[in-house]
Structures are given as C-alpha cells and as structure tokens.
Amino acid sequence: MGVHTLTKEQYPIANTNTLNFLKTNVLSVTDISRTKKLSEILDRFSNGVSDEVFVIQNAKKKDALAVIVDIDYFKQLLQIKEVVEEALDQIVMEEAYARKNKPVNQTLSDIFDEADINVNELMKLLEED
C-alpha cells in the first residue's frame with residue numbers, strides 16, 4: 001500500500017471567501033423547508049440577472065445536493081455551453097475535411113493511446129449527453 005498525498009489541485013484552499021460562501025450560500029433542506037430562506041433567495045433573483053449560487057444539501061444523505069441559480073443566469077450558462085460545443089464540433093469537422101484525402105498512417109487505437117484517452121470513459125461521457 002503506497003502513500004498518497006494530495007496535490008494543490010485536489011485540496012481546496014480555505015480562505016475568507018470560501019468561508020463566507022459556505023456560511024451564506026450552502027443550506028440544508030431543513031433551512032429551506034422550515035424558514036423563509038427559499039423566498040428570500042427567489043426575491044434576490046427578482047432584481048435582475050444574478051450570478052449568485054446557492055447549494056442545497058440533505059444532511060442525512062451527503063450525495064443529495066442541488067444548486068439554485070437565477071434562471072436568466074442559467075440560460076446564459078447554457079448558451080455558453082452550446083457555443084463551446086458548436087465551436088468544438090466545427091473544429092473537428094474542419095480537421096476531418098483537411099485530412100479527408102490524406103493517407104492514414106495511424107490507427108484510432110494508436111491515437112487514443114498517444115492522447116491517453118480511455119475509450120470506456122469516453123463512451124460513458126457520450127452516453128450522458
């Protein structure tokens with residue numbers, strides 16, 4: 001059994017911003033159901049587009065998490081996602097057309113190995129969309 005140490009990317013740094021976010025924007029189901037907190041959050045969103053994010057969690061089931069965001073902000077995020085996906089599709093198509101009449105000198109398996117792409121993980125990701 002080897003020793004595993006956390007890298008900086010795996011271990012989030014706590015600072016005052018993180019603590020303030022956790023204190024004000026991470027709520028339990030009880031906070032939402034037994035107080036007027038949900039109405040307060042929705043009222044905050046009624047003043048125009050807000051990039052505030054609230055995390056709701058079930059204290060009894062730690063994997064039960066959800067995010068509440070302003071619908072207009074969420075729409076913007078979806079539009080950005082769509083633009084990025086379209087741009088990636090365009091890049092792939094341009095590359096495919098550029099290689100269309102060139103001879104093949106590598107197999108798909110070689111390319112996946114060089115890029116360290118796990119085919120099974122790729123298939124799972126494709127199935128999620």
Item to check | Within 6.0 Å of CD1 in I71, more than 12 heavy atoms from elsewhere | outcome: no

Item to check | Linked, directly or transitively: V53 and L77 (ILVMFWY side chains, under 4.5 Å) | outcome: yes

Next on the checklist: Hydrophobic clustering (ILVMFWY, side-chain heavy atoms < 4.5 Å, transitive) - are L65 and L22 grouped together?
Outcome noted: yes

Checklist entry - Between N15 and T18, do the side chains contain an N or O donor and an N or O acceptor separated by less than 3.5 Å? => result yes

So, do [X] and [Y] sit near enough that their side-chain heavy atoms are less than 4.5 Å apart?
{"X": "E52", "Y": "Y73", "answer": "no"}
{"X": "V29", "Y": "I56", "answer": "yes"}
{"X": "F21", "Y": "V55", "answer": "yes"}

Straight-line distance of [X] [atom1] to [Y] [atom2], nearest 0.5 Å:
{"X": "K81", "Y": "E86", "atom1": "NZ", "atom2": "CD", "result": "11.0 Å"}
{"X": "D113", "Y": "T107", "atom1": "CG", "atom2": "OG1", "result": "7.5 Å"}
{"X": "L27", "Y": "L38", "atom1": "CG", "atom2": "CG", "result": "9.5 Å"}

Checklist entry - Listed by chain and number, what are the side chain to side chain contact (heavy atoms under 4.5 Å, CB included) partners of V84, not counting sequence neighbours? => result I80, L88

Checklist outcome for this item: Sorted by chain and residue number, the side chain to side chain contact (heavy atoms under 4.5 Å, CB included) partners of N47 (sequence neighbours excluded) come out as none

Checklist entry - What heavy-atom pair brings V69 and F74 nearest, and what distance separates the two atoms? => result CG2-CB, 3.7 Å

